[in-house]
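The first residue in the sequence is number 1, and the count goes up from there. Remember, it's 1-based here, ligands and their atoms both numbered in the order they're listed.
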Amino acid sequence: MATSGKVIKCRAAVAWAVGKPLSVEEVEVAPPKAGEVRVKVVATGICHTDQHVLEGLFPSADFPLIPGHEGAGIVESVGEGVTSVKQGDKVILLCLPQCGKCSFCLNPESNYCRKTHFSESQSVLPDKTSRFTCKGKMIHHFLWVSTFAEYTVIPEYAVAKLDAAAPLDKVCLFGCAFSTGYGAAINTAKVKPGSTCAVFGVGGVGLPVVMGCKAAGASRIIAIDINKDKLAKAKELGATDCICPRDFKKPMQEVITEMTGHGVDYAFEVIGHEDTMIAALASCNMNTGICVMIGELPSGSMISIDPMLLLTGRTWKGCLVGGWKMRDCIPNLVSSCLEKKVNLDLLITHRLPFAKVNEGFELLRAGKSIRTVLLF
Ligand code: APR
Ligand code: ZN
Ligand code: ZN
């Protein structure tokens, strides 16, 4: 490709400071170094976590930065030593890498890799430098993905190669929302056929939880959301009962316990509030109930619970991006989507040209969108 080995000038949405809207700028993107790939991003979803980043609530996000972590694209060029992908391959950019070498990657039970921001900075690439500059200033990466840029550079072990037929404008959702929600039901809770589930929050991530519970054969799926439009979507995707907390005086855990007799088998928190995290835990059956936390609290938050909730036998757990080993599993998940086993169309409510990125955030904040996909 004519651009290979050269600096590319392209558009990106830069977050210059906390609390400021994104600014669409011309940026320079340096070529990939050894072990890295440069990807032309084709489509990217807007996730609640990006909103957290803009508000300064995400740990380890260094400003100025280019956010975005739910993207798919085409490999433009590869650095020295890259063997698993080549120019022209379709890929999903992974906000959770899989280096394949660390002790966590080698553990078949875990999908966590030590090359994440919990262990080392993903605000710069592994050689501690950035590939982005704008107006002479260095711009940070975000989780190495930075999909709000027309071109981005990322380590080889943080991309998953897709089937050449994959529709990138849809499968970008496998970068976060879909994989996170669906996997929380399938891998983390391991929902059993005939079971009862409760999903607190049925937005972009919660709806895929509903889809996962349904695919696993749950016989009752209770969706809980303050937004009735989202509840209607949940019903279309398989929820059997839809409840709005504003229609009740009692706390949700009491309502759900009454509805089910002794609580649900599995509860999921997909909102990111302390009170709904506790309500989800208390909504599960005190004997064998499993509660999975997916929603994120602002960094540094603490939560306190009555230990009796756990003492009697409930399990409280969490997962990152649905527990999938990303490079191994995501291409298969995408293929099953292609075989029409998974319907993404109900999740993508808006498509906008990239320049309207701030409008996309407005839709998210106003509760009007499930997912807005930005197209370059
Ligand atoms: N009770 C019930 N539902 C609520 C409440 C509440 N108190 N507050 C908000 N909600 C609903 C919203 O109406 C919305 O439908 O929770 C849903 C959240 O969905 P989105 O805004 O689409 O956010 P999403 O991208 O799904 O992320 C949810 O998961 O990955 C994390 O960081 C992410 O914490 C966030 C959570
Ligand atoms: Zn690893
Ligand atoms: Zn996300």
Are any non-hydrogen side-chain atoms of Val321 and Ser179 less than 4.5 angstrom apart?
yes
So which of Phe63, Phe148, Phe58 actually passes ring-ring contact (aromatic ring centres under 6.0 Å, His included) with Phe142?
Phe58
Filtering Leu207, Ile226, Val205, Val270 for the heavy atom nearest atom 28 (C) of ligand 1 leaves Val270
As an exercise, identify every atom of ligand 1 less than 4.0 angstrom from a heavy atom of Gly201.
16 (O)
Heavy-atom check, side chain of Thr49 versus side chain of Cys176, under 4.5 Å:
no
May I ask you to identify the nearest protein heavy atom to atom 34 (O) of ligand 1, giving residue, atom name and distance to one decimal place in Å?
Glu296 N, 2.8 Å
Report the nearest protein non-hydrogen atom to atom 31 (C) of ligand 1: residue, atom name, distance rounded to 0.1 Å.
Ile294 O, 3.7 Å
For atom 20 (P) of ligand 1, the protein heavy atom that lies nearest, with its residue and separation:
His48 ND1, 3.6 Å
Shared hydrophobic cluster for Phe118 and Leu94 (ILVMFWY, side-chain gaps under 4.5 Å)
yes
What angle, to the nearest 10°, do the atoms SG (Cys113) and SG (Cys99) form about the Zn ion (ligand 2)?
110°
State whether Cys47 contributes an N/O/S atom found under 2.8 Å from the Zn ion (ligand 3).
yes
Among non-hydrogen protein atoms, atom 15 (O) of ligand 1 lies closest to Asp225 OD2, 2.7 Å
Under 30°, 30 to 60°, or over 60°: which ring-plane class applies to Tyr157 and Trp144, parallel, tilted or perpendicular?
perpendicular
Let me check your reading of the structure: within less than 2.8 Å of the Zn ion (ligand 3), is there an N/O/S atom from His48?
no
Of all the heavy atoms in His52, does at least one lie under 4.0 Å from an atom in ligand 1?
no
Please state which protein non-hydrogen atom is closest to atom 35 (C) of ligand 1 and give its distance, to 0.1 Å?
Ile271 O, 3.6 Å
What do the steps show when you test Glu76 against Arg38 for salt bridge (charged side-chain N to carboxylate O under 4.0 Å, His left out), and what is the final call?
CA-CA 6 Å; Glu76 173 270 338; Arg38 188 162 58 184; 2.6 Å; yes
Atom 29 (O) of ligand 1 - nearest protein heavy atom and its distance:
Gly295 CA, 3.6 Å
Atom 22 (O) of ligand 1 sits nearest the protein heavy atom Gly204 N, 3.1 Å
Counting each atom of ligand 1 from 1 as listed, which ones have a heavy atom of Asn227 under 4.0 Å away?
13 (O)
Measure the distance from atom 19 (O) of ligand 1 to every protein heavy atom, then report the residue, atom name and distance (to 0.1 Å) of the closest one.
Gly203 CA, 3.4 Å
State, with a plain yes or no, whether a side-chain heavy atom of Pro155 is found less than 4.5 Å away from one of Leu125.
yes
Contact (N/O only, under 3.5 Å) between Arg371 and ligand 1
yes
Using the Zn ion (ligand 3) as the vertex, how large is the angle between SG of Cys176 and NE2 of His69, rounded to 10 degrees?
120°
Does the pair Arg365/Glu362 count as a salt bridge with the N-to-O cut at 4.0 Å?
yes
Do Leu346 and Val209 land in one hydrophobic cluster if side-chain heavy atoms of ILVMFWY residues count as linked below 4.5 Å?
yes
Once you measure the plane-to-plane angle for Phe178 and Phe174, does it fall in the parallel (<30°), tilted (30-60°) or perpendicular (>60°) bin?
tilted
In the structure I gave you, are the side-chain heavy atoms of Tyr266 and Cys213 within less than 4.5 Å of one another anywhere?
no
